[in-house]
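Report on the structure given below.
FYI, side chains are in, hydrogens and waters are out, and symmetry mates aren't considered; it's all heavy atoms of this structure.
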Amino acid sequence: MSIIVFGSINIDLVSTTSRLPIAGETILGEDFFKIPGGKGANQAVALARLEIPTQMVGRVGAQSFGAELVQNLQVAGVQTENIFIDETVSSGVAIITVDYAGENQIVVIPGANGRVNQADIERLSHLLPTATALLLQLEIPIDAVVAAAKVAKNANIQVILDPAPAQANLPDELYPLVDIITPNEVEAGQLVGFPVDNQESAIKAAKVLLQRGVKCAIVKLGAKGAVCVTGEETFFVPAFSVQAVDTVAAGDAFNGGLAAALYRGFSLHQAIIWGSAAGALAATKLGAQTSLPDKLTFDSFLEERGVGSRE
């Protein structure tokens, strides 16, 4: 059995600078890196590095980094047979600026990710009989996201949605198809229409998402922890304290850790601890996939903090 990730595959072009520029301002950067990314690919690598069997379904371009992106996924241990190489378009690109505090600004050019369509849904459908969960994000067309959630739901496969990049108006039909939704505070605020910046507002937002049909809402509050609300319980999980270098892919690491724990049969509470640990570790290194922890590093991190692999 495996976990399927259906989503974006990008190359990240990353620059570092002392501070983020304001509108209309030109500032000097310091370093430049070319790093494989894309929220879908990041989550696939996060899972594979935690030794979870992982299938990636998506698209890259025939040129502009496509072969490099697929090869990188293979090296990480991700199964890539269902990535389509699109001859008509470039691969997706993300242009990222990171400051000394680890904050970032990101511009994403979808490229092949924007061409994901029914043919990709058919490739996904063939994998569902051997899957336990489907991870989705919003860097591919929303119609494809909804269609993927539908086929997974029909196959009784758990659907985990990372609603990023933030969107204010997700289709109403998507929410009831989602088992677990994992917005950060900005994304949660966009979804519910009011500011989310603390536990109280996060719980309020999560309850709104449950009213729309999701079974479980986990609102990530960064260094302030995470709130989880289901129909049966509401609880808070504190964040791990680390020295943040770059928060790119921290959310993807969270979803990878969360899904990995659920795959292993751990409780929802322990799964959020795993997600928080993976996200914290990712924030300590520069880049997207280059920051995602392997299982040895991850297990050591949990053990050092006295939480181990189980509750």
Item to check | Distance in Å, Leu47 CG paired with Leu135 CG, rounded so as to fall on 0.5 Å steps | outcome: 6.0 Å

Next on the checklist: Donor-acceptor pair, distance only, cut-off 3.5 Å: does the side chain of Glu304 make one with the backbone of Phe301?
Outcome noted: no

Checklist outcome for this item: Result for side-chain contact (heavy atoms from CB on, under 4.5 Å) between Leu161 and one of Val178, Val214, Thr182 points to Val178

Checklist entry - Please walk me through it: do Arg212 and Glu173 pass salt bridge (charged side-chain N to carboxylate O under 4.0 Å, His left out)? => result CA-CA 9 Å; Arg212 294 179 184 174; Glu173 64 179 321; over 6 Å; no

Checklist outcome for this item: Heavy-atom closest pair (Ala48 atom, Val78 atom, distance to 0.1 Å) is CB-CG2, 3.7 Å

Item to check | salt bridge (charged side-chain N to carboxylate O under 4.0 Å, His left out) between Asp162 and Lys39, intermediate numbers included | outcome: CA-CA 9 Å; Asp162 181 0; Lys39 295 195 71 62; 3.6 Å; yes

Next on the checklist: Taking CD in Glu81 as the centre, count heavy atoms belonging to other residues, nucleotides or ligands within less than 6.0 Å. Is the count above 12?
Outcome noted: yes

Next on the checklist: Rounded to the nearest 0.5 Å, what separates atom CG in Leu174 from atom CD1 in Ile181?
Outcome noted: 7.0 Å

Item to check | Least distance between heavy atoms, Pro141 atom then Gly114 atom | outcome: CG-O, 3.4 Å

Next on the checklist: For Glu200, is the CD atom crowded, meaning more than 12 foreign heavy atoms sit under 6.0 Å from it?
Outcome noted: no

Checklist entry - About how many Å separate CG of Asn82 and CD of Gln79, when rounded to the nearest 0.5 Å? => result 9.0 Å

Checklist outcome for this item: Between Val98 and the options Asn104, Thr17, Leu20, the side-chain contact (heavy atoms from CB on, under 4.5 Å) test singles out Asn104

Item to check | Main-chain N/O of Asp31 paired to Thr16 side chain as donor or acceptor, under 3.5 Å | outcome: yes

Checklist outcome for this item: In short, Ala152 meets Leu134 closest at the heavy-atom pair CB-CD2, 3.6 Å

Checklist entry - Can you tell if the side chain of Gln167 reaches within under 4.5 Å of the side chain of Glu187, non-hydrogen atoms only? => result no

Item to check | Min side-chain heavy-atom separation Ile11-Ser91 under 4.5 Å | outcome: no

Checklist entry - So Asp86 and Thr88, side-chain hydrogen bond (donor to acceptor under 3.5 Å, both in side chains) or not? Walk me through it. => result CA-CA 6 Å; Asp86 193 329; Thr88 67; 2.6 Å; yes

Next on the checklist: If you apply the rule side-chain contact (heavy atoms from CB on, under 4.5 Å), what do you find for Arg264 with Glu51, and how did you get there?
Outcome noted: CA-CA 11 Å; Arg264 296 294 185 197; Glu51 300 182 1; 4.1 Å; yes

Checklist entry - Is the distance between the ring centroids of Trp274 and Phe254 under 6.0 Å? => result no

Checklist entry - Counting heavy atoms not belonging to Ile106, are there more than 12 under 6.0 Å from its CD1? => result yes

Item to check | salt_bridge(Lys215, Asp179) N-O dist < 4.0 Å | outcome: yes

Item to check | Flag side-chain contact, heavy atom, 4.5 Å: Ser201 against Pro195 | outcome: no

Item to check | Atom CD of Gln71: over 12 foreign heavy atoms under 6.0 Å | outcome: no

Item to check | Atom of Gly37, atom of Asn42 and distance for their closest heavy-atom approach | outcome: CA-OD1, 3.2 Å

Next on the checklist: Within the structure provided, determine whether Ile121 and Phe6 are in side-chain contact (heavy-atom separation under 4.5 Å).
Outcome noted: yes

Next on the checklist: Assess the residue pair Leu170 and Val145 against the criterion (side-chain contact (heavy atoms from CB on, under 4.5 Å)); give the C-alpha distance rounded to whole Å, side-chain angles, the decisive distance to 0.1 Å, and a yes or no.
Outcome noted: CA-CA 10 Å; Leu170 289 183; Val145 174; over 6 Å; no

Checklist entry - Can Asp252 and Gln43 be said to form a side-chain hydrogen bond (donor to acceptor under 3.5 Å, both in side chains), step by step? => result CA-CA 5 Å; Asp252 299 324; Gln43 292 180 19; 3.2 Å; yes

Next on the checklist: Using the rule given for side-chain contact (heavy atoms from CB on, under 4.5 Å), can you reason through Leu127 versus Val57, listing the C-alpha separation, both sets of side-chain angles and the distance that settles it, and then say yes or no?
Outcome noted: CA-CA 10 Å; Leu127 299 176; Val57 181; 3.6 Å; yes

Checklist entry - Is atom CG of Asn169 surrounded by more than 12 heavy atoms (other residues, nucleotides or ligands) closer than 6.0 Å? => result no

Checklist outcome for this item: On a heavy-atom basis, the closest approach of Val196 and Ala202 is CG1-CA, 3.7 Å

Next on the checklist: Walk me through whether Leu221 and Asn198 qualify under side-chain contact (heavy atoms from CB on, under 4.5 Å).
Outcome noted: CA-CA 7 Å; Leu221 297 169; Asn198 55 34; 5.9 Å; no

Next on the checklist: Applying the salt bridge (Lys or Arg N to Asp or Glu O under 4.0 Å) criterion to Glu185, which one of Lys220, Lys204, Lys224 satisfies it?
Outcome noted: Lys224

Item to check | 4.5 Å side-chain heavy-atom contact, Cys228 and Leu268 | outcome: yes

Item to check | Distance-only polar pair, side chains of Gln74 and Thr80, donor-acceptor under 3.5 Å | outcome: yes

Next on the checklist: Side chains of Tyr263 and Gln158 only: does a donor on one sit below 3.5 Å from an acceptor on the other?
Outcome noted: no

Item to check | Minimum-distance pair of heavy atoms, taken over all atoms of Val245 and Lys285 | outcome: CB-N, 4.3 Å

